[in-house]
2 protein chains.
Amino acid sequence: MSAIRGARERARSEITAAIKDEARLQLARDGAAKLSLRAVARELGMVSSALYRYFPSRDDLLTALIVDAYNAVGAAAEAALAAGDGKAPAARWTAVCRAVRDWALAHPHEYALIYGTPVPGYTAPLTTVEPAGRVALTLLSIAREAHADGRLVVRPVDSLPRTVHTDVERIAAEYAPGLPAPTAAALVAAWAQLFGLIGFELFGQFNQVVEARDAFFAHAVRSLAHQVGLAGPDEEAAIPDEAAAGT
Amino acid sequence: MSAIRGARERARSEITAAIKDEARLQLARDGAAKLSLRAVARELGMVSSALYRYFPSRDDLLTALIVDAYNAVGAAAEAALAAGDGKAPAARWTAVCRAVRDWALAHPHEYALIYGTPVPGYTAPLTTVEPAGRVALTLLSIAREAHADGRLVVRPVDSLPRTVHTDVERIAAEYAPGLPAPTAAALVAAWAQLFGLIGFELFGQFNQVVEARDAFFAHAVRSLAHQVGLAGPDEEAAIPDEAAAGT
DNA sequence: GCAAAGCAAGAGCAGTGCTCTCGTTTATGG
DNA sequence: CCATAAACGAGAGCACTGCTCTTGCTTTGC
């Protein structure tokens, strides 16, 4: 994918990019449901059928946009992680969460495309699974590094069901060897819950309920970090829960 | 809405119901995006333009379905709450959460309609906000009653931002007077997070990540209850794995 | 009993995704 | 160098969509 193979191939990749750009524009403006192949082609000065030389169907165009969106939010998360290098795990956690939320607020339709309702009969092709995992892996890496640095608070969780244990052990083994299963389970839950918070804010569920969006999100995300065990040593002292559990 | 005003009005309400039923059928089968007025009309043996006598536009039909869906999931939640009357707050919490999830799994497209991406340029009319609040109010009432019974564990939350405090105070004042602000804040967060968990499971984000869906959900929901402060002292020991003495 | 309102039907408009055909251009292999 | 195959753009066309308007018919209410 390096050398210039010829004028045709270069033109092809340029046109493909132009189509995606225009499609992304319309996506951001009107949403995924109103994305029209004909409108994209029209805007690009070509006829609709010509577009099918580049994307075999509307769904394939959407898939390309989905992959891009996953990569964009993943890159935002990773950048926030890298920017917070050296800081306390809890701070990095909040930074990454905030980055994801900021991206979502800035690109609501793209967010909806990947974390909202999947398009009708559409099942995500395998090309999307790797980009889709970037945010999750970013969050996971925070816990992994915190664990490696001995800064992870592993709290005695009321016994983890065995089936869940095997699920999270499999994940931990692959991406964060040594990570305690309860932490991994809490992380997966926090991961899903994070997008619950963002989705509710973005899709209007918080209207007339939560007005202080920023502060509420920050508060909730801090709570999530605590739930995972990422609470920094400074703010950890607050909560000595009633020790009412044993494995 | 009681007396039979006449044959015409009865026919009208019957046809309206038939349209909604058929639309709900197609919604469940193909999803909201593929819901076609013409197809509904065709299936009912009428011509498409006739359908506009009953619903002025496709969006209005969708709105009707949205209201129905909110009421359905709300009713499911309330039923679960009523069924668990007298039980420990945590048990009632999990029961309600489970009921919402069960409803979602049984009606994925209807769930997506109300908790997924909002339809394109669509802004929810005011008729939807009351039904939309039923699940939230059900969850809130658990905390309210637990608080009234002195079974609410109010844990010292690291200081609640003042703006968030006023938000949740407003909610508490209206629906659960006396409920501590930290609890109310935790509840709102848990509410959103609950739908994060359900959405991720339903929309495929848990594919190849979490396989033990039931157990994971139960675990996560228990954790949410604990976060809100609903963990009853008796409930704490009741785990499906080790058959300990429950309530 | 009659005017008004409600109603079903049909035609029609503008738009959609997608397919097929038809010339043209480009790249490649003999 | 040139012929063949592949890629390409344009256009017509199909089946579908939401929605509007007109035309008659039926029910309702005064």
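As the structure is a computational prediction, the values presented were derived from the model and not from experiment.
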Among the nucleotides C/dT16, D/dC19, D/dG11, which one has an atom lying closest to any side-chain atom of A/Val47? D/dG11

Aromatic ring proximity, centroids under 6.0 angstrom, A/Phe203 and B/Tyr115: no

How would you label the contact of A/Tyr54 with the nucleic acid (heavy atoms, under 4.0 Å): base, sugar-phosphate, or nothing? sugar-phosphate

Spacing of B/Met46 atom CE relative to C/dG6 atom P, expressed in whole Å: 17 Å

For atom CZ of B/Arg12 and atom P of C/dG6, their distance in whole Å: 9 Å

When rounded to the nearest 0.5 angstrom, what distance separates CZ in B/Phe55 from CG in B/Leu62? 10.0 Å

Between A/Trp191 and A/Phe195, how do the two ring planes meet: parallel, tilted or perpendicular, split at 30° and 60°? perpendicular

For the residue pair A/Arg58 and A/Ala33, what are the closest heavy atoms and their distance? NH2-O, 3.3 Å

Starting at NZ of A/Lys20, measure out to CD1 of A/Ile15 and round the result to the nearest 0.5 Å. 14.5 Å

Name the closest nucleotide to the B/Arg42 side chain, picking from D/dC16, D/dG18, C/dA8. D/dC16

D/dG18, OP1 or OP2 - any side-chain N/O from B/Ser57 closer than 4.0 Å? no

How is A/Leu44 classified with respect to the nucleic acid when contacts are heavy atoms under 4.0 Å: base, sugar-phosphate, or nothing? nothing

Measure from CG on B/Asp60 to C1' on D/dT20 and round the result to the nearest Å. 16 Å

D/dG18 OP1/OP2 closer than 4.0 Å to side-chain N/O of B/Arg58: yes

Provide a list of protein-nucleic acid N or O atom pairs under 3.5 angstrom, restricted to nucleotides 12-14 of chain D.
from: D/dG13; atom 1: O6; to: A/Arg38; atom 2: NH2; distance (Å): 3.3

D/dC16 P sits how many Å from B/Gln26 CD, rounded? 14 Å

Search all heavy atoms of B/Ile142 against all heavy atoms of B/Leu230 and return the closest pair with its distance. CG2-CD1, 3.9 Å

If I take atom CD in residue B/Glu43 and atom P in nucleotide D/dC16, what distance separates them, rounded to the nearest angstrom? 14 Å

Nearest-Å distance, CD (A/Glu9) to P (D/dC8)? 9 Å

dist B/Ile198:CD1 -> B/Arg213:CZ (nearest 0.5 Å) comes out at 13.0 Å

Within this structure, what is the OH-to-C1' distance between A/Tyr52 and C/dT21, rounded to whole angstrom? 16 Å

Any base atoms under 4.0 Å from B/Leu35, or only sugar-phosphate, or nothing? Heavy atoms, all strands. sugar-phosphate

Using a cut-off of 4.0 Å on non-hydrogen atoms, how would the nucleic acid contact of B/Leu61 be classed: base, sugar-phosphate, or nothing? nothing

Could you tell me how far apart B/Ile15 (CD1) and C/dC7 (P) are, to the nearest whole angstrom? 8 Å

